[in-house]
Every structure is written in C-alpha cells, then in structure tokens.
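Numbering of ligands and ligand atoms starts at 1, following listing order. Numbering of residues begins at 1 and proceeds along the displayed sequence.
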Amino acid sequence: MQSGDPSEEHDSGPGRRSGDHERPGVSTHLPPEGSRASATSEKDVAREIRDAAVSLGFAKIGFAPVERFDDAAERLDTWLAAGHAGEMQYLASSTDRADPRHLLAEARTSIVAVLVYPKGRPVKDARGRLVGNIARYARGQDYHAVFKQKLRELGDECARIVGRPVVGRACVDTAPMLEREAAARAGIGFIAKSTMNIVPGIGTYTLIGELLIDVEIAPGERLEPKCGTCTACLDACPTGAFVDAYTLDARRCISYLTIELRGPIPVELRSKIGERIFGCDVCQDVCPFNASAADKPSATELSPRPSLESPDLVELLELSSSGYRRVVEGTALRRVSRARLARNAAVALGNSKDPRARPALERALSHASPLVRGHAAWALGELGGEECREALERAAASDESLEVRQEASCALERLSPVA
Ligand code: SF4
Ligand code: SF4
C-alpha cells in the first residue's frame with residue numbers, strides 16, 4: 001500500500017490548521033481558545049490520549065519511540081534483495097522508511113493506533129449469480145480516508161490535553177512493514193509467523209496507522225511473537241506463499257497477484273486463486289488469535305457494502321468505464337484498474353468451472369485489453385466443452401495480440417493434451 005495519498009493535502013479542520021504547505025500532510029493542531037492543559041504529567045497525558053482514542057473508536061493505541069528501526073530495516077533490505085517484493089518497487093525507495101523522522105522532523109512520539117474491521121462471513125449468493133470474494137478489509141469505504149480523519153481528530157485532542165499547539169502527521173500505509181514494527185515497539189501487537197500484526201485480544205482483522213506528534217511520551221514495551229508451535233497459516237496458504245515462518249514471498253501471495261501485479265498472473269498460480277478477486281483472508285481466517293474476532297467495525301464507514309460482500313463476477317468482467325468508477329469510487333478497489341479487475345474476474349470465473357460463465361468469457365475475448373482477453377482465454381480452457389474449444393480456436397487464429405494467441409493455444413492444449 002502506497003504513500004502519496006492525495007488526501008494528505010487536506011489537513012484543515014476544527015481546531016487545526018494546515019500549517020506547512022512545504023510539507024504536505026503535516027498539521028498543526030490548536031488547543032481550544034483560552035483553554036489550559038487538561039493533563040500535566042507525562043503519565044496523565046498518556047492516559048488522557050488513550051481515553052480520547054477510545055472515544056474516537058480506536059480499538060487500541062500505544063506509544064512507539066521515534067527512532068530508526070535498524071533491525072526491521074535490515075530485514076526489509078534482505079527481503080527486497082531476495083526479490084520477494086515483486087513489482088512493489090516503491091518499498092525500495094531511497095527515502096529511509098525505517099526512520100519516522102523523515103516524515104516529521106519534530107516527531108517525539110509515534111501514536112500507533114488500531115481500527116478493527118468486521119470478521120464477517122463468507123458470502124454465498126442465493127440468487128444464482130456467480131460471485132467473487134473481496135478481502136474483508138476492502139468491503140467497506142476506503143479505510144485510508146476514514147483512518148486519517150480519526151488520527152487528525154486525535155491530534156486535536158492531543159493539543160487540548162497538553163494545552164499547546166501540537167505538530168503532527170497522520171500516516172496510513174506510509175511504510176506497511178515498518179508500521180507493524182512500530183506496533184510491536186508500542187507494545188500493542190506482535191509480528192506473527194504470518195507476517196501480520198496480531199493484537200492480543202483482538203486478532204488480525206485490524207488496520208494500523210500512526211500519528212507522529214512533537215510530544216514526548218514514554219514508549220510501551222515491545223511485544224515478542226507468541227505463535228508458539230502453531231503453523232496453521234503457513235499450512236493453509238493456497239499458493240504456498242510463505243518461504244518460511246515470518247517470510248512471505250509476495251510474488252506468490254494472492255493479495256499481490258490480484259492487487260499489485262499489473263501484468264498477467266502466472267499461469268501456475270491462477271487455479272489456486274479460487275474466487276478471490278481482490279486480496280485474500282485465508283491466513284487470517286485460520287489464525288487462532290482471530291477465533292473471537294469482532295463482528296462490528298470500529299467505524300460505521302468500515303461496514304461492508306452488500307455489493308462488495310458478493311461481487312458479481314460477470315458484471316466486473318464487463319464493466320464500462322463509468323460502471324468501473326461507480327463500483328470502485330470511495331473504496332480500496334480503486335487501487336486496481338478496470339482491466340485488472342476484469343482480469344481477476346476472468347480468473348475467478350474460470351475457477352468456478354461453471355458453464356454459465358461461458359457466454360461472458362466468450363464476449364471477453366473481444367475486450368479492448370489484451371490482458372483481459374488472455375485471461376478470458378485461459379478461463380474458457382478451464383470450463384472446457386465444445387463451444388469453449390471453438391471460441392479458443394478463433395482466438396488462437398485471429399487475435400491481434402501474440403500473447404492472447406499464445407494463451408488461447410495453451411488453453412486448447414489443456415483441452416486436448418498431446419498424446
Ligand atoms: Fe497466502 Fe492468502 Fe495469506 Fe497471501 S493472503 S499469504 S495467499 S493465505
Ligand atoms: Fe501465528 Fe498460528 Fe496465527 Fe499463523 S495461524 S499467525 S502461526 S498463531
């Protein structure tokens with residue numbers, strides 16, 4: 001998940017001014033006029049900030065030190081050097097992601113905050129449509145804006161509590177791996193074998209963000225891993241994406257394949273993706289720490305939208321430009337283009353093996369995007385049958401794209417293997 005969210009520019013609000021146009025995202029939070037600090041000792045400040053966070057709907061907060069995370073930086077470098085990040089080259093940017101001070105030079109404390117999204121249930125559509133699966137965190141309103149707004153309100157509360165202007169910066173997905181490290185250092189969660197951050201008593205269906213502030217608060221005690229001998233997530237991963245405990249090869253992870261990857265999905269992984277069209281929850285669903293996860297989100301905006309709980313695969317495959325905008329507007333789905341969403345829907349339809357998918361997949365052989373046409377050809381090969389064969393033969397003979405012709409030929413070979 002990338003930095004550079006355009007919403008960083010809009011920092012003004014009650015009790016707040018966007019004080020620094022040279023530094024997008026930096027806000028100065030003002031105490032109410034004429035007010036005095038409501039807390040004087042550092043301990044009271046910490047307690048009052050915690051209370052304010054709970055009132056704002058945060059499930060948990062902790063205080064992390066503002067320092068360079070040397071160990072985490074080393075692990076990130078090793079992971080990047082191994083090529084496990086795939087196309088996510090933004091993680092290797094020259095900015096020192098391991099040091100929060102590059103985001104706010106005045107920062108003295110990082111408030112690490114947790115929002116919860118609902119555990120939800122697997123959705124089976126009763127009306128006979130072919131439906132896909134969207135990762136639970138993405139079924140409601142885009143959490144970036146919701147989270148940042150809450151962090152800024154927390155910044156206003158900090159100014160009220162300390163009785164002076166507070167310089168702050170709200171960060172959501174600025175450096176995903178290091179946010180988990182910050183959460184561990186704040187003592188609110190530990191980095192698990194699944195590489196997710198587990199918040200004891202809450203689990204992993206969480207979103208983590210940070211508010212950097214120029215107020216000194218004693219940090220929490222680092223939480224060490226508590227997975228014990230469990231390996232449920234490593235064993236359950238459909239694509240075998242874990243190189244080992246604590247190490248994920250993102251190139252095999254369904255979240256990467258369906259969201260980050262711009263080009264074709266490797267053929268050998270397509271059948272393992274199942275009906276998932278945006279992200280994957282498997283390694284979380286099997287985690288014992290999620291056994292009593294919440295059914296209610298921290299904020300109503302994170303409640304699932306019915307259309308994203310049971311997305312219609314044929315509709316997604318055939319979205320027009322305006323239809324695409326309607327579906328993704330205000331949601332995390334806007335991170336994938338129309339063609340990539342259709343690509344993912346084609347793979348899910350192929351994996352359904354349902355003959356009702358055939359007409360839409362045949363129509364998709366005329367899609368403007370060769371990426372979609374190629375994956376539709378693959379999916380027709382998964383469905384099989386004489387009508388699919390005829391459509392594939394036409395595509396193999398006449399599609400203008402070499403890649404699509406090759407996809408169609410490979411699909412035909414799977415239909416009639418050479419003896
Ligand atoms: Fe595997 Fe899915 Fe977890 Fe990725 S999100 S590591 S594909 S189980
Ligand atoms: Fe740890 Fe088991 Fe949860 Fe994996 S499933 S993160 S090993 S507790």
Side-chain angles (χ1 to χ4, degrees), residues 1 75-76 79-80 82-88 91 114 116-117 119-120 122-123 132-139 143 173 176-177 179-181 183-184 188-208 222-261 264-294 308 332-333 335-336 340 343-344 347-348 351:
M1 301 177 192
R75 286 196 297 275
L76 176 59
W79 186 74
L80 289 166
H84 291 149
E87 289 182 1
M88 296 186 288
L91 292 174
V114 173
V116 169
Y117 57 89
K119 183 179 184 177
V123 177
N133 184 294
I134 291 173
R136 291 185 177 124
Y137 78 84
R139 293 179 188 170
Y143 65 90
D173 282 346
M177 298 184 69
E179 279 170 357
R180 290 171 203 178
E181 178 66 21
I188 59 175
F190 62 88
I191 299 173
K193 289 181 185 174
S194 63
T195 74
M196 303 290 295
N197 199 288
I198 294 181
V199 183
I202 294 177
T204 66
Y205 299 118
T206 56
L207 307 162
I208 297 173
R222 188 191 167 91
L223 271 193
E224 296 304 328
K226 297 182 193 301
C227 288
T229 56
C230 178
T231 58
C233 55
L234 313 182
D235 301 337
C237 175
T239 54
F242 291 102
V243 179
D244 213 338
Y246 308 105
T247 307
L248 179 74
D249 185 345
R251 294 168 300 180
R252 295 186 69 85
C253 175
I254 293 168
S255 289
Y256 170 84
L257 296 170
T258 55
I259 301 172
E260 303 285 348
L261 183 66
I265 295 172
V267 175
E268 69 277 13
L269 295 177
R270 291 179 194 169
S271 62
K272 300 177 194 300
I273 290 174
E275 76 288 4
R276 299 175 193 89
I277 56 162
F278 190 94
C280 167
D281 288 318
V282 172
C283 53
Q284 300 190 76
D285 291 347
V286 299
C287 180
F289 282 92
N290 284 330
S292 54
L308 300 183
L333 266 67
R335 289 179 54 207
V336 294
R340 274 192 275 162
R343 171 199 68 183
N344 298 347
V347 170
N351 287 332

(request) Starting at NE2 of H84, measure out to CG of L248 and round the result to the nearest 0.5 Å. (result) 8.5 Å
(request) Could you check atom 3 (Fe) of ligand 2 against the protein and tell me its nearest heavy-atom contact, residue, atom and distance included? (result) C287 SG, 2.4 Å
(message) Give me the residue, atom name and distance of the protein heavy atom closest to atom 1 (Fe) of ligand 2.
(response) C227 SG, 2.3 Å
(message) Test of understanding: with salt bridge (charged side-chain N to carboxylate O under 4.0 Å, His left out), list the residues that count as partners of D249, not counting sequence neighbours.
(response) R251
(message) Quick check: do V243 and W79 have side-chain heavy atoms less than 4.5 Å from each other?
(response) no
(message) Applying a heavy-atom cut-off of 4.0 Å, say which part of I198 lies close to ligand 2: side chain, backbone, both or neither.
(response) side chain
(message) List ligand 2 atoms under 4.0 Å from A192, heavy atoms only on the residue side.
(response) 6 (S)
(request) Would you mind running through ligand 2 and noting each atom that sits below 4.0 Å from a heavy atom of F289? (result) 8 (S)
(message) Over 60° means perpendicular and under 30° means parallel, so tell me whether Y137 and F278 are parallel, tilted or perpendicular.
(response) tilted
(message) Nearest 0.5 Å, please: how far is NZ in K193 from OG1 in T247?
(response) 12.0 Å
(request) List for me each residue that meets salt bridge (charged side-chain N to carboxylate O under 4.0 Å, His left out) alongside R252, sequence neighbours excluded, and say none if there are none. (result) none
(request) For C230, counting its heavy atoms only, list the atoms of ligand 2 lying under 4.0 Å from any of them. (result) 2 (Fe), 5 (S), 7 (S), 8 (S)
(message) Under 4.0 Å from a heavy atom of S194: which atoms of ligand 2 are those, numbered in the order shown and with their elements?
(response) 6 (S)
(message) Within the structure provided, determine whether N351 and S271 are in side-chain contact (heavy-atom separation under 4.5 Å).
(response) yes
(request) Could you list the residues that satisfy salt bridge (charged side-chain N to carboxylate O under 4.0 Å, His left out) with E268, not counting sequence neighbours? (result) none
(request) Enter the distance from N197:CG to T204:OG1 here, rounded to the nearest 0.5 Å. (result) 9.5 Å
(request) List every atom of ligand 2 that sits less than 4.0 Å from any heavy atom of K193, numbering the atoms from 1 in the order shown and giving each element. (result) 7 (S)
(message) Could you tell me if the side chain of I277 sits less than 4.5 Å from the side chain of R340, heavy atoms only?
(response) no
(request) Could you pull out the N/O/S protein atoms under 2.8 Å of atom 1 (Fe) of ligand 1, ignoring any water? (result) C237 SG
